[in-house]
Student: 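Pasting in a structure now, in structure tokens, and then I'll have a few things to ask.
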Amino acid sequence: MAKQHAAQSSGKSSGFQPFWFRQAMELEPNYQAKVLKQDIETDVCIVGGGYTGLWTAITLKQQRPELDIVIIEKGLCGSGASGRNGGCMLTWSTKYLSLKKLYGEEQAVQLVKASEQAVYEIEAFCQTHNIDAELRRHGTLYTATNQAQVGGMEPVLAELDKHEINSWKAWEARRVKEEAGSDSHIEGYFSPAAASVQSGKLVRGLKRVAEEMGIRIFEQTPMLDMVEDNGVTIKTPNSNIYARKAVMALNAWMLEKFPQFKNKIVVVSSDMVITKPIPDKLEKLGLNDGKTVIDSRTFVHYYRTTEDGRLMLGKGGNHFSFANKLSSVFDSPSRYVELLNTSFNKLFPSLKGEEFEASWTGPSDRSVTGLPFFGKLEGNSNVFYGLGYSGNGVAQTWIGGQVLSSLVIGVENEWSKSGLTTGPKGSFPPEPIRWLGAILVRNAIRRKECAEDAEQSPNWLDKQLAKLANAAGKADK
């Protein structure tokens, strides 16, 4: 079973810390958070010090060096979703059909290309700025683990081929099993346009670079209120920030301050476990690089190794938050270790009984479409937002930075004209219907996939209910 870890990086934060973030903060043993304690003025104030906020600030500074930019973060930069995800840098290529349906062929092609470009841009940025985020661009393997999943990629690949943007190659079954380190996989497609990364080290590295660029960052400085007058006034416990423009980059925490989005996303957990270092055992399994492995379930299993020889396994779609409350579930060891342990033993029977070093949970802001959305707050012409990454945002937040910086500056380009900037598409039902429906569908999916794993025909009703989850996308990495 997983062990719990209390905060121990610097003594400046309390409570549970997810493994990646704790590991990253151990590299900053004497770190002192800078807290805002006096009124300030700025051109742009970004609320949220995770990937989206940092990429937006960095991109703004690159494009407009003269801008004064401030980031405030209620905890430490990376202590939210950015520092606790599985570190799988994937693309939108498998979402091409959804992109086409929402935005048309031309934009769908552009967004697939942009999502692949993001992987290479992040890698280059880390190399240029000496961010040791353990980024390994070794691709991703998308697999089927039962006959019902076989062939599921074919419609998407046909469309990608049509537009000459298909980076996926089919591997023969023997190679899939060898490269995935598990006999559970019976079909697989590999794309080199993907990577794995230590998510905590990446976000802390981005913070360092942002500050070196002259961006002012204040942590342990939550936004209490926001008022729009000639510009934007953001109130914090000890100060007011007077800004010309503001960006809300709060991920699932957006709902704490902006209830207008309460029916636009569903907050659902992605749960992860990680072993102690076992490099020799992983070598025997053939898991000797940084590729990510993703199966074809609705709420996927995903796994990868680390540079120090650990094996991380995650699974999405476990805890659905009632009324989208970010309860203690999202800031504690996973409640689903038993479920993850069962999956771990099935995938890697030779590792059965291997002790987990840690487990943790991350909140995913799952949108109706399974894609993020950006825009300007209604009635707030100087306030912009971005959320809804749906568990697939490690690379896509780079795109979010391009989009939000373009909106803030007010330029017309491929980012500001993107269909992603037209706000949320559709709504979820109100509570308690949403939560009851989510649990009903989740349990139907579990029964359906359990039957398929046994190569049996699922119950008809379970199959119909499972179809309702299609809009949520296959994410949570």
Student: Going by atom types only, do S416 and N413 share a side-chain donor-acceptor pair under 3.5 Å?
Tutor: yes
Student: Would S390 and N392 count as having a side-chain donor-acceptor pair, cut-off 3.5 Å?
Tutor: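 Note: S390 and N392 side chains miss the donor-acceptor criterion.
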Student: What is the minimum heavy-atom distance between A395 and L90, and which atoms define it?
Tutor: CB-O, 3.7 Å
Student: Among side-chain atoms of S270 and Y302, is any donor-acceptor pair under 3.5 angstrom?
Tutor: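 Looking only at side-chain atoms, Y302 and S270 do form a donor-acceptor pair, the distance falling under 3.5 Å.
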Student: Under a plain distance cut-off of 3.5 Å, with no hydrogens placed, do S343 and K315 share a side-chain donor-acceptor pair?
Tutor: no
Student: Take E378 and Q260, measure what side-chain hydrogen bond (donor to acceptor under 3.5 Å, both in side chains) needs, and give me the verdict at the end.
Tutor: CA-CA 10 Å; E378 187 175 349; Q260 60 263 46; over 6 Å; no
Student: Evaluate the criterion side-chain hydrogen bond (donor to acceptor under 3.5 Å, both in side chains) for residue pair K376 and S381; output intermediate values, then yes/no.
Tutor: CA-CA 6 Å; K376 186 183 296 183; S381 60; 6.0 Å; no
Student: Verify whether one side chain among S115 and Q396 offers a donor that lies under 3.5 Å from an acceptor in the other.
Tutor: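 Result is no, nothing qualifies.
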Student: Verify whether one side chain among T143 and D295 offers a donor that lies under 3.5 Å from an acceptor in the other.
Tutor: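 The answer is no; no qualifying pair exists.
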Student: Begin with the C-alpha distance, continue with both residues' side-chain angles, and end with the deciding distance and a verdict on side-chain hydrogen bond (donor to acceptor under 3.5 Å, both in side chains) for Q17 and S79.
Tutor: CA-CA 8 Å; Q17 285 188 344; S79 59; over 6 Å; no
Student: For D229, look at atom CG and say whether over 12 heavy atoms of other residues, nucleotides or ligands are found less than 6.0 Å away.
Tutor: yes
Student: Are the aromatic rings of F344 and Y303 close, with centres under 6.0 Å apart?
Tutor: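 They do not qualify: ring centres at least 6.0 Å apart.
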Student: Which atom pair, heavy atoms only, marks the closest approach of Y385 to P424?
Tutor: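 Heavy-atom minimum between the residues: OH-CD, 3.6 Å.
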Student: With no hydrogens and no angle check, do the side chains of D39 and S239 hold a donor and an acceptor under 3.5 Å apart?
Tutor: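 The criterion, which ignores hydrogens and geometry beyond distance, is not satisfied for S239 and D39.
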Student: State, without any angle test, whether T421 and S418 hold a side-chain donor-acceptor pair at a distance under 3.5 Å.
Tutor: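 Per modelled atom types, T421 and S418 side chains form no pair under 3.5 Å.
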Student: Tell me whether the centres of the aromatic rings in F125 and W55 are closer together than 6.0 Å.
Tutor: yes
Student: Looking only at heavy atoms, which two atoms of A81 and P363 are closest? And how far apart?
Tutor: CB-O, 4.1 Å
Student: Give a yes or no on this: more than 12 heavy atoms of other residues, nucleotides or ligands lie within 6.0 Å of atom NZ of K113.
Tutor: no
Student: For Q23 and Q198, test the side chains for any donor-to-acceptor distance below 3.5 angstrom and give the result as yes or no.
Tutor: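 A donor-acceptor contact under 3.5 Å links the two side chains.
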Student: How long is the span from the CG atom in N341 to the CD atom in E355, to the nearest 0.5 Å?
Tutor: 11.0 Å
Student: Counting neighbours of CD on E307 that are heavy atoms of other residues, nucleotides or ligands and sit closer than 6.0 Å, is the number greater than 12?
Tutor: yes
Student: Do you know which two heavy atoms are closest between T221 and I72, and how far apart they sit?
Tutor: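 The pair with the smallest heavy-atom distance is O-CB, 3.6 Å.
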Student: Does E212, at its CD atom, have more than 12 non-hydrogen atoms belonging to other residues, nucleotides or ligands within less than 6.0 Å?
Tutor: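 Yes, because the 6.0 Å sphere around CD of E212 holds more than 12 heavy atoms from other groups.
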Student: Any side-chain donor paired with an acceptor under 3.5 Å for S334 and D271?
Tutor: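 Per modelled atom types, S334 and D271 side chains form a pair under 3.5 Å.
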Student: Describe, in one word, how the ring planes of Y96 and H163 are oriented to each other, choosing from parallel (under 30°), tilted (30 to 60°) and perpendicular (over 60°).
Tutor: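 Geometry flag for H163 against Y96: tilted rings.
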Student: Just by distance, with hydrogens left out, do S191 and T140 show a side-chain donor and acceptor under 3.5 Å apart?
Tutor: no
Student: Are D43 and R244 ion-paired here, with the side-chain N under 4.0 Å from a carboxylate O?
Tutor: yes
Student: Looking only at non-hydrogen atoms, find the nearest pair between F16 and S359 and report the distance.
Tutor: CZ-O, 3.5 Å
Student: Any luck finding a side-chain donor-acceptor pair between S93 and W168 under 3.5 Å?
Tutor: yes
Student: Does either side chain, that of Y389 or that of T52, offer a donor lying less than 3.5 Å from an acceptor on the other one?
Tutor: yes
Student: If you count every heavy atom of other residues, nucleotides or ligands that lies below 6.0 Å from K257 atom NZ, does the total exceed 12?
Tutor: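 It does: K257 NZ has more than 12 such atoms within range.
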Student: Does R204 make a cation-pi contact with Y31 (under 6.0 Å, within 45 degrees of the axis)?
Tutor: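 Verdict for Y31: a cation-pi partner in R204.
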